[in-house]
Amino acid sequence: MEFKTVVFYFLSAILVYAALRVITARNPVHAALHLVLSFFSAGGVWALLQAEFLAISIVLVYVGAVMVLFLFVVMMLDINIDRIREGFWNYLPLGAVVGLLMVVEMGAILGSQYLGAAEAQVPQTAAGVSNVKELGRLLFTEYVYPFELASVILLVALIAAIVLTHRGAKKTKYTDPAKQVFVKAADRIRVLQMPAEKQD
Amino acid sequence: MLTNFVIPDLLPAAPELFILAMACVILIVDLFVKSKARTLTFALTQLTLVGCAAITYMTSTGEITYTFSNMFVDDLMADLLKLFLDLTVIVVLFYARGYIAERVSMAKGEFYVLVLLATLGMMVMISANHLLTLYLGLEMMSLSVYAMVALNRDSTQATEAAMKYFVLGALASGLLLYGISMVYGATGTLEITQVAQALAQGAVNKTILVFGLVFLVAGIAFKLGVVPFHMWIPDVYHGAPTPVTLFIASAPKLAAFAMVIRLLVNGLFFLAPDWQQMLMILAVLSMAIGNLAAIAQTNIKRMLAYSAISHMGFMLLGMVSGVVGGDARFALNAYSSSMFYMVAYVITSVAGFGMILLLARAGFEADSLDDFKGLNKRSPWFASMMMVVMLSMAGIPFFVGFFAKFAVLQAVVAAGYMWLAIAAVLFSLIGAFYYLRVVKLMYFDAPLDETPIAAGFDTKLLLSANGLAVALLGLFPQTLMYLCAVALVRSL
């Protein structure tokens with residue numbers, strides 16, 4: 001067996017195991033961490049296929065951003081796992097049908113002679129050409145205009161998110177030292193005149 | 001490998017670059033603005049828009065120039081639309097300023113930055129020669145506008161409107177993208193001029209293309225707000241803060257018109273018989289539903305929203321009558337009548353929503369029809385201005401709206417669609433009812449409150465100028481018509 005095949009089976013085994021643990025783990029944090037692991041393994045499989053740009057982006061985007069956010073949410077919201085599992089038997093028939101359909105579809109693509117994936121040729125990249133470099137070159141030369149536009153859209157999203165959620169710093173009890181120095185007793189203490197009470 | 005890359009010519013895109021740079025500067029400067037009125041932010045924004053208009057005018061060569069690997073096109077139509085756009089936004093901001101300064105939840109510098117970025121998005125759309133940049137420009141504009149609608153987030157109406165707009169807008173973007181992917185699949189290119197070339201050579205799968213066209217037209221229809229993609233218009237116009245409504249009702253219409261020209265005329269002119277049929281259905285439905293539903297409204301923002309739907313339908317009539325039986329002789333004439341209609345509508349609609357802002361004051365929105373009762377007693381001058389606006393929208397001679405309708409009808413009749421012209425006139429006649437009702441309320445009813453109009457001097461001056469422009473353009477429409485015609489002749 002070729003070394004690449006060994007690596008492929010190794011990564012795939014981890015991927016399948018991690019994916020299984022995502023849906024079986026009782027602790028949501030464990031499930032999320034296993035999802036991270038499965039993303040990593042999928043990235044490895046892509047790297048084997050010489051799609052290193054996809055491999056890098058799945059790690060950066062999904063692991064680096066999406067999953068970290070996901071973990072935050074999972075940790076902050078105390079999700080009651082038993083409540084989620086309550087409807088398991090009710091949803092099982094529907095879930096099983098969907099799962100079965102997916103298996104049939106995948107089988108049709110991989111096995112059948114009409115949709116056969118066997119004929120699909122993976123284009124071989126010429127030696128010494130890196131697709132990350134090529135993509136980068138295109139992005140920063142030919143597609144620089146849409147690339148910059150996309151970045152402006154991100155800026156818009158940033159401004160919109162802040163302006164719609166920021167409530168100002170009203171809750172902080174900020175003291176201005178300059179004003180504090182000039183404070184007078186009369187500003188702080190109110191002297192009340194009260195009639196003396198007779199004690200007996 | 002890198003040696004064959006030529007740095008793109010930035011001059012045609014100078015207005016866009018300027019507006020983007022200034023938006024970033026204003027964003028930072030605004031951090032240091034202490035005053036609630038945001039005078040500095042406002043002034044810088046207006047200067048930016050004036051500068052942008054000046055740069056557009058100065059860099060205009062009248063030639064068709066492509067840059068950024070043919071993704072950006074600068075032609076006379078783009079320049080003219082950008083000038084109108086800048087001018088519209090300047091006027092909108094003058095009207096909006098007093099309203100915003102009076103309301104704490106709206107008085108944020110980001111409002112102005114979002115307006116600038118939305119304007120940038122529209123300019124990108126106007127100058128798009130690539131389906132990718134067209135889409136990105138559209139998203140830039142839409143995202144800014146969604147945020148602006150929700151800016152007054154303590155108002156449940158505004159947040160509901162923003163939510164509806166956002167969800168439906170995302171759906172429309174999805175439809176548009178799907179259509180774009182079909183066009184890409186059929187022609188193998190996203191560049192609009194190359195799509196046209198591929199179609200002219202004829203080696204494309206027409207079924208896929210027409211299938212994609214349906215989705216493209218649906219996406220355009222949503223942005224224009226024509227039936228049956230109009231559902232968001234009344235809710236968003238009604239729910240959004242009035243200055244934002246004013247903005248949505250004016251500037252994006254120009255960008256949407258550019259989108260129609262870029263996609264359908266520049267790119268898919270070959271399919272004109274197909275998209276003309278679709279647009280015809282949209283146009284007739286919009287005129288019918290827009291005008292009929294407007295009668296039932298008691299809120300003037302909602303009424304103007306339905307009126308906008310009917311006007312967009314009317315505008316589409318010009319786009320419908322370009323090609324008759326493979327004969328494209330009248331195309332330029334028809335499209336320039338549509339462009340004139342659009343510009344005329346934007347000028348009139350800005351004045352109409354400006355009047356609502358004029359009557360509004362701190363803690364009071366003048367958005368009900370009843371608020372216009374007896375305006376003549378409170379201010380005869382502005383009552384007459386509102387009357388001019390309403391009569392122009394109804395298409396009564398001799399205001400600009402009349403000539404806009406006239407030009408479009410001329411194109412429709414020249415194309416031989418007599419029944420369409422008759423239907424358009426009938427629906428306009430129905431529409432005249434609710435415009436004239438506003439005039440009746442202003443002149444023959446007793447005012448509900450006698451408070452003098454509290455708007456600032458600049459708003460009053462500009463609104464008067466705007467109203468007079470509607471009247472004067474009605475007396476001398478030739479210049480504007482000529483400009484639209486020349487812009488299209490030199491660009492298509």
Side-chain angles (χ1 to χ4, degrees), chain A residues 50 52-54 57 61 65-66 69 109 115 120-121 123-179, chain B residues 1-2 4-8 10 13 16-17 19-20 23-24 27 67-72 104-106 108-111 113-114 116-118 120-121 124-125 127-154 159 162 166 190:
Chain A
Q50 298 187 327
E52 60 269 28
F53 181 72
L54 277 180
S57 36
V61 176
V66 177
L69 200 69
I109 290 172
L115 300 163
Q121 291 294 316
Q124 283 297 315
T125 6
V129 176
S130 138
N131 60 32
V132 177
K133 195 171 161 189
E134 284 303 301
L135 273 171
R137 192 183 67 83
L138 273 179
L139 272 184
F140 288 102
T141 55
E142 204 178 320
Y143 288 88
V144 68
Y145 181 55
F147 182 75
E148 294 295 331
L149 288 180
S151 71
V152 178
I153 291 180
L154 282 181
L155 177 70
V156 172
L158 197 70
I159 296 171
I162 291 174
V163 83
L164 292 182
T165 53
H166 184 59
R167 287 260 172 196
K170 274 174 202 154
K171 282 175 190 161
T172 53
K173 292 186 174 164
Y174 168 76
T175 46
D176 186 355
K179 283 184 183 164
Chain B
M1 197 178 290
L2 287 170
N4 57 13
F5 172 64
V6 189
I7 291 176
L10 296 178
E16 281 84 353
L17 295 174
I19 215 166
L20 174 61
C24 296
L27 197 59
T67 184
F68 289 121
S69 339
N70 290 345
M71 286 183 187
F72 184 98
V104 184
S105 55
M106 296 277 300
K108 292 173 187 151
E110 285 82 2
F111 174 80
V113 179
L114 285 173
L116 278 185
L117 289 171
L120 175 66
V124 168
M125 276 168 84
S127 272
N129 189 41
H130 197 270
L131 296 173
L132 191 58
T133 52
L134 185 81
Y135 174 72
L136 286 171
L138 178 70
E139 283 302 293
M140 198 189 295
M141 175 194 91
S142 308
L143 275 178
S144 318
V145 173
Y146 301 148
M148 279 159 64
V149 173
L151 207 55
N152 186 8
R153 61 193 164 169
D154 293 325
T159 38
F166 180 68
L190 284 172

In Å and rounded to the nearest 0.5 Å, what is the [atom1] to [atom2] distance from [X] to [Y]?
X: A:Leu149; Y: B:Leu20; atom1: CG; atom2: CG; value: 9.0 Å
X: B:Asn152; Y: A:Leu164; atom1: CG; atom2: CG; value: 11.0 Å
X: B:Leu117; Y: A:Leu155; atom1: CG; atom2: CG; value: 6.0 Å
X: B:Lys108; Y: A:Ile159; atom1: NZ; atom2: CD1; value: 13.0 Å
X: A:Leu154; Y: B:Met140; atom1: CG; atom2: CE; value: 10.0 Å

query = In terms of heavy-atom proximity below 4.5 Å to chain A, should B:Leu120 be classed as side chain, backbone, both, or neither?
reply =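 For B:Leu120, the side chain is the part near chain A, not the backbone.
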task = Check whether B:Leu143 gets within reach of chain A through its side chain, its backbone, both or neither, counting any heavy atom under 4.5 Å.
result =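 Both parts, heavy atoms under 4.5 Å.
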key: Shortest non-hydrogen separation from A:Pro146 to B:Leu136 and the atoms involved   =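 What the structure gives for the nearest pair is O-CD1, 3.4 Å.
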inquiry  = Which heavy atom of A:Val163 sits nearest to which heavy atom of B:Arg153, and what is that distance?
reply    =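 The answer is O-NH1, 4.1 Å.
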query = For the candidates B:Glu139, B:His130, B:Glu110, which exhibits the highest count of non-hydrogen atom pairs separated by less than 4.5 Å from chain A?
reply =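 Max contact count across the listed options: B:Glu110.
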request  = Over 60° means perpendicular and under 30° means parallel, so classify the ring planes of A:Tyr145 and B:Phe72, tilted if in between.
outcome  =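 Ring orientation of B:Phe72 relative to A:Tyr145: perpendicular.
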